[in-house]
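Working notes, structure below.
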Amino acid sequence: MSELDVQIANRRQKRDEIAAAGVSVYPHRFEFDLEPSVVKAKYDDLSIEELEEKALRLRVPGRITAFRKQGKLVFADLHDGKDRLQLFLRKNAMSEQTWELLLQLDLGDVVGVEGQLMRTRMGELSLAGDRITILAKALRPLPEKWSGLKDVELRYRQRYLDLMSNTDSRRVFETRARIISGIRSFLDARGFLEVETPMMQAIAGGAAARPFVTHHNALGIDLYLRVAPELYLKRLLVGGIPRVYEINRNFRNEGISVQHNPEFTMLEFYWAYVDYRQLMDLTEELITGLAEDILGTTTLSWKGEELSLERPWKRYSMKQATVELGGVEPAAVESEERLLAELHARKLEVPKARTYGHLLAALFEATAEDELRGPVFLTDHPTDISPLSKQKPDDPRFTERFELYLGGMEIANAFSELNDPDVQTQRFREQMLAREAGDDEAHQVDHDYVRALEFGMPPAGGEGIGIDRLTMLFTGSPSIRDVILFPLLRPLPEGQTGDEWMVESED
RNA sequence: GGGACGUUAGCUCAGUUGGCAGAGCAGCGGACUUUUAAUCCGCGGGUCGGGGGUUCGAGGCCCUCACGUCCCA
């Protein structure tokens, strides 16, 4: 029997002993007044005398995370995931049965405690408990109380243990929730309507990405998990909803890295009658506002550096960035031939689709992208890599588009939306050709979307903002896995799940 | 896909040149009515990620597989 098996067996035995005394170890409910962190927040400023005077009796539920046993007096910590409340448990303050139950409790057990709120000699706010109700028995030992759970693989695979033992982890997900609700308030206040559009789509459009394929049995058709909600949201512009947004998951069948998870959360919004310039202003306002509200500052600390969100943010066109930040000669970004020569000279990989736009983008990525520490708007992307964007009036090789870079990461992508159905058809054709030329990220053609445009879509600006990456920046998390509760990991092979004993205990 | 690093008790980690596998916490037994990483006395706990090889002898060296982390593509 391993050490773990011994501990589990001990806990099971204690559970059975408690149950044998006629007590339910898994009761259905517990009538409670306040949770530990709320008690702490509400009463921690009261003095010993004030607490004595109030003589507050409270019923408080939580998980036991520490014992300090001292003979006929037991101190324990009751935790609710946010904060702990000390329990002050004296033998002669409770019934014999309650004292017996207390001695049978283990670290990790979920209990409800009733007693009077007081302060100890050392001044700690404590609940002097006289009644204890077991609410759930923990059959497995908790991670170490001081170091917490550090093993990153376990933290992702068993996030509940991470949340239980690392308060910082809880804080990350609270910040994430505040970002999302902050975005909702911001957009709702400006008259945007939140909607939900299909995640299973017959045509995976709206972004250059490989989709996941699934199958609908009753209809007998393959469906794609959406790579973006874009084409549906713009159908809503056609339908007469002038300000619309969606916050939800996108799925891209691509590699996993510190910045990429196959499913990720995106805000996408569309605003009729404006162009990408107003979107840049709105983006600055949204993100600095979120930082002020949530972090109380517009200076982020990111990878050991300070990142100031002070407005206005820098703007570089892709061509300009390649020249000014990438150190490329101005003449070299003006033609396909010169770009190709430059890529060869720098021994860089040449993209499969050798169009002007793809070549410029490749050179930009190789020379200048890493220099965009941010906040920087990278603007005016080539037309042939931006099939849904409107061209610049003065130079049709480029579009009215921007990407926001923050901390070296691409956070947002936006453009003045292409609303000419015939131009859109032409762009889709070019994407088909690119696909045939081997670019399997090229957009699929969506005829119904073009038909929608034929009914007239108002000019509009549209933008997507990556919620996961924004959360990384706000919480100083270097990996996207730290801001996704259950990131995708390869399943453990048979026999390495650590649960073999459960199979044995079935007989 | 390539490279570097990691995987030792439930958890956090040591383990020197290849020579008896360790500590703290947690667990078990005992003492203790104001502790808070409680303290004190005692005890138990290992598929050193899996497999193969070299060697008198492998946690440590070699090969291989798995999982993870980071970097590169």
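In the text below, chain A, chain B and the rest are named by the order of the sequence lines, each starting its count at 1. What you are looking at is a predicted structure, and each value in this text was computed from that prediction instead of being measured.
If you check residues 249-260 of chain A against RNA chain B, the residues with a heavy atom closer than 4.0 Å are A:V258, listed by number.
The same atom, C1', is picked in B:rC41 and in B:rG46; the two are 26 Å apart, to the nearest Å. B:rC63 and B:rC20: their C1' atoms are spaced 28 Å apart (whole Å). Going from the C1' atom of B:rG60 to that of B:rU54 covers 14 Å, rounded to whole Å. Rounded to whole Å, the separation between the C1' atoms of B:rA37 and B:rC11 comes to 14 Å. Annotation: B:rC32 and B:rA38 have their C1' atoms spaced 11 Å apart (nearest Å). Separation of the P atoms belonging to B:rC70 and B:rG10 is 26 Å when rounded to the nearest angstrom. If you take atom C1' in B:rU17 and the same atom in B:rA73, they sit 40 Å apart, rounded to whole Å.
Scanning all heavy atoms of the two residues, the minimum distance from A:R11 to A:D106 falls at CG-OD2, 3.3 Å. Across A:L489 and A:R481, no two heavy atoms sit closer than the pair CD2-NE, 4.2 Å.
Between A:F212 and A:Y224, a ring centre-to-centre spacing not shorter than 6.0 Å is recorded.
Along RNA chain B, the nucleotide nearest A:K91 and the nucleotide nearest A:S479 are compared for position; the residue whose nucleotide lies closer to the 5' end is A:K91.
In this structure, A:L4 places its CG atom 6 Å from P of B:rG10, rounding to the nearest Å. Atom pair A:N10:CG and B:rG45:C1' shows a separation of 12 Å (rounding to whole Å applied). A:K145 has its NZ atom 8 Å from the P atom of B:rG27, to the nearest Å. Put simply, CG on A:L154 is 12 Å from C1' on B:rU12, counting in whole angstrom units.
Comparing atom distances between the A:E144 side chain and each of B:rC25, B:rG27, B:rC70 picks out B:rC25 as nearest.
With a 3.5 Å ceiling on both atom-pair distances, B:rG44 lacks any Watson-Crick or G-U wobble partner. A 3.5 Å limit on both hydrogen-bonding distances identifies no Watson-Crick or G-U partner for B:rU35. The partner of B:rA26 is absent, by the rule that a Watson-Crick or G-U pair needs both atom distances under 3.5 Å. Across every strand in view, B:rC70 sits in a pair with B:rG3 that passes the Watson-Crick or G-U test at under 3.5 angstrom. Nucleotide B:rU16 has no partner under the Watson-Crick or G-U criteria, as no pair reaches both atom distances under 3.5 Å. The base-pairing partner of B:rG59, taking Watson-Crick or G-U wobble contacts with both distances under 3.5 Å, does not exist among the strands shown.
When only modelled atom types and interatomic distance are considered, A:N248 and A:R226 share no side-chain donor-acceptor pair under 3.5 Å. Side-chain contact annotation: A:S386 with A:T383, donor-acceptor N/O pair under 3.5 Å absent. Judged by distance alone, the side chains of A:Y26 and A:R15 do bring a donor and an acceptor atom under 3.5 Å apart.
Using a 4.0 Å heavy-atom cutoff across all strands shown, A:R481 reaches sugar-phosphate atoms only and no base atom. Looking at heavy-atom distances under 4.0 Å, A:R490 makes contact with sugar-phosphate atoms alone, never a base. Across all strands, A:L107 comes closer than 4.0 Å only to sugar-phosphate atoms, never to a base (heavy-atom distances).
A donor N or O paired with an acceptor N or O is not found under 3.5 Å between the base of B:rU36 and the side-chain atoms of A:D77. Taking only distance into account, the side chain of A:R68 meets the base of B:rU35 through a donor-acceptor pair shorter than 3.5 Å. Between the base of B:rU39 and the side chain of A:Q70 there is no donor-acceptor pair shorter than 3.5 Å. Within 3.5 Å, a donor on the side chain of A:E3 pairs with an acceptor on the base of B:rG44, or the reverse.
Phosphate proximity of B:rG30 to A:K69: absent, as no side-chain N or O sits under 4.0 Å from OP1 or OP2. The side chain of A:R84 places no N or O atom within less than 4.0 Å of a non-bridging phosphate oxygen (OP1 or OP2) of B:rU35. Not one side-chain nitrogen or oxygen of A:R119 sits closer than 4.0 Å to the OP1 or OP2 atom of B:rU34.
Taking a cutoff of 4.0 Å between a charged side-chain nitrogen and a carboxylate oxygen, A:E50 and A:R119 do not qualify as a salt bridge. Contact check on A:R59 versus A:D33 returns no salt bridge, with no Lys/Arg side-chain nitrogen under 4.0 Å from an Asp/Glu carboxylate oxygen. The pair A:D83-A:R170 fails the salt-bridge criterion, with no side-chain N (NZ, NE, NH1 or NH2) lying under 4.0 Å from an Asp/Glu carboxylate O.
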